[in-house]
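Take a look at the structure below.
The structure presented is a predicted model; accordingly, all values stated were derived computationally and were not measured.
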Amino acid sequence: ARSRGASATKVSMSIENMIGACPPAGFWDPLGLSADTSALYRRRQTEINHGRVSMLATLGILVQSFYQLPDPVFNNPRPIAAFFQVAEERPLALFQIIGFCGLIETVVWKQDPSKAPGDVVPDDAQAPSWLPQGAAGVSTFRRYPDPVVREKKLLAELNNGRLAMIGFAGMVAQEGVNGMNVFETM
């Protein structure tokens, strides 16, 4: 355990060593945001975090189209309509959901500034305490010691997150335009 007075070494970021420039676009920064190298760490951390949340949100929208909770307030298959239904009928449930998301953000996925952006894996990562320790395939955390495999996995996560951000926005915009969920439109 690190003492309270100890300062963590911050990870330095530069354009040259960042994963994420992919063909066919390559390195793409039309607004010149990468010029401020002191902010690159936070921007990459934010991009990874938003990508992870968007992947979960996209999955949630797709699952919600087929399966709803048995409570009548949670049985709407359309995401925008469901959000406003919960906000109207049970505002405290909405605050619980937002509070839970905040807890995940600030406790479970808390970023250690001495690690690479998005690396929220504890150094002593094991299966959760409520599961049998050493259970094969139980831990949600995985490290890839091979740098080639690690770079490939990180690039896949970045690209999947980027696609999920666009996909989530598209699905919500589509419902806003025609009032139907993804599968009703097909």
Side-chain angles (χ1 to χ4, degrees), residues 13 15 18-36 39-111 116-121 140-142 150-186:
M13 300 286 297
I15 299 303
M18 285 183 76
I19 297 170
C22 314
F27 178 74
W28 188 69
D29 183 16
L31 299 177
L33 297 174
S34 62
D36 181 7
L40 280 179
Y41 180 86
R42 177 72 178 138
R43 288 189 177 128
R44 176 50 59 96
Q45 174 188 351
T46 303
E47 178 185 20
I48 292 170
N49 197 22
H50 286 168
R52 289 173 178 167
V53 169
S54 294
M55 286 186 271
L56 291 171
T58 301
L59 179 65
I61 286 176
L62 296 175
V63 169
Q64 181 183 1
S65 298
F66 295 108
Y67 176 79
Q68 294 87 38
L69 295 173
D71 189 332
V73 78
F74 297 113
N75 67 358
N76 195 326
R78 296 174 189 88
I80 295 176
F83 175 81
F84 286 113
Q85 180 179 349
V86 171
E88 183 180 310
E89 295 179 26
R90 299 234 184 103
L92 289 179
L94 192 60
F95 288 120
Q96 287 175 334
I97 293 168
I98 292 170
F100 178 73
C101 292
L103 183 70
I104 295 294
E105 172 87 17
T106 58
V107 177
V108 178
W109 286 350
K110 185 167 177 52
Q111 178 69 51
D119 184 357
V120 294
V121 179
T140 57
F141 300 116
R142 179 172 294 166
R150 183 176 187 278
E151 184 172 334
K152 183 179 177 184
K153 298 288 185 180
L154 289 174
L155 183 59
E157 180 183 21
L158 274 171
N159 287 333
N160 289 338
R162 291 167 178 168
L163 181 61
M165 287 185 259
I166 293 169
F168 175 77
M171 287 187 281
V172 169
Q174 171 206 328
E175 185 192 339
V177 169
N178 66 13
M180 296 186 285
N181 71 27
V182 178
F183 297 104
E184 291 173 327
T185 303
M186 293 171 76

Is there a side-chain contact between [X] and [Y] (heavy atoms, below 4.5 Å)?
X: Glu175; Y: Thr185; result: no
X: Arg43; Y: Asp36; result: yes
X: Asn76; Y: Val86; result: no

Taking only residues two or more places apart in sequence or in another chain, which ones pass side-chain contact (heavy atoms from CB on, under 4.5 Å) with [X]?
X: Leu154; value: Ile19, Arg150, Glu157
X: Ile98; value: Leu94
X: Ser34; value: Ile15, Phe27, Asp29, Leu40

Legend entry - Qualifying ring-ring contact (aromatic ring centres under 6.0 Å, His included) pairs, either residue in residues 158-177, two or more places apart: none

Inset, instruction - Can you run down the ring-ring contact (aromatic ring centres under 6.0 Å, His included) pairs that involve residues 78-105, sequence neighbours left out, and say none if there aren't any? - result: none

Keeping the roles fixed (side chain from [X], backbone from [Y]), state whether a donor-acceptor pair exists under 3.5 Å.
X: Asn160; Y: Ala156; result: yes
X: Gln85; Y: Pro72; result: yes
X: Gln111; Y: Ala116; result: yes

Inset, instruction - Might you point out which heavy atoms bring Gly161 and Ser54 nearest each other, and give the distance in Å? - result: O-CB, 4.5 Å

Inset, instruction - Over all heavy atoms of both residues, which pair between Pro77 and Asn75 is shortest? Give the atoms and the distance, please. - result: CD-O, 3.5 Å

Spacing of [X] atom [atom1] and [Y] atom [atom2] [to the nearest 0.5 Å]:
X: Ile104; Y: Asn49; atom1: CD1; atom2: CG; answer: 11.0 Å
X: Arg78; Y: Gln68; atom1: CZ; atom2: CD; answer: 9.5 Å
X: Asn181; Y: Gln174; atom1: CG; atom2: CD; answer: 7.5 Å
X: Leu158; Y: Arg52; atom1: CG; atom2: CZ; answer: 9.0 Å

Inset, instruction - Give a yes-or-no answer on whether the side chains of Asn178 and Glu184 include a donor-acceptor pair shorter than 3.5 Å. - result: no

Legend entry - Trace of the side chain to side chain contact (heavy atoms under 4.5 Å, CB included) decision for Ile61 with Val172: CA-CA 9 Å; Ile61 286 176; Val172 169; 4.1 Å; yes

Legend entry - Residues which pass ring pair (Phe, Tyr, Trp, His ring centres under 6.0 Å) with Phe66, listed by chain and number, not counting sequence neighbours: Phe183

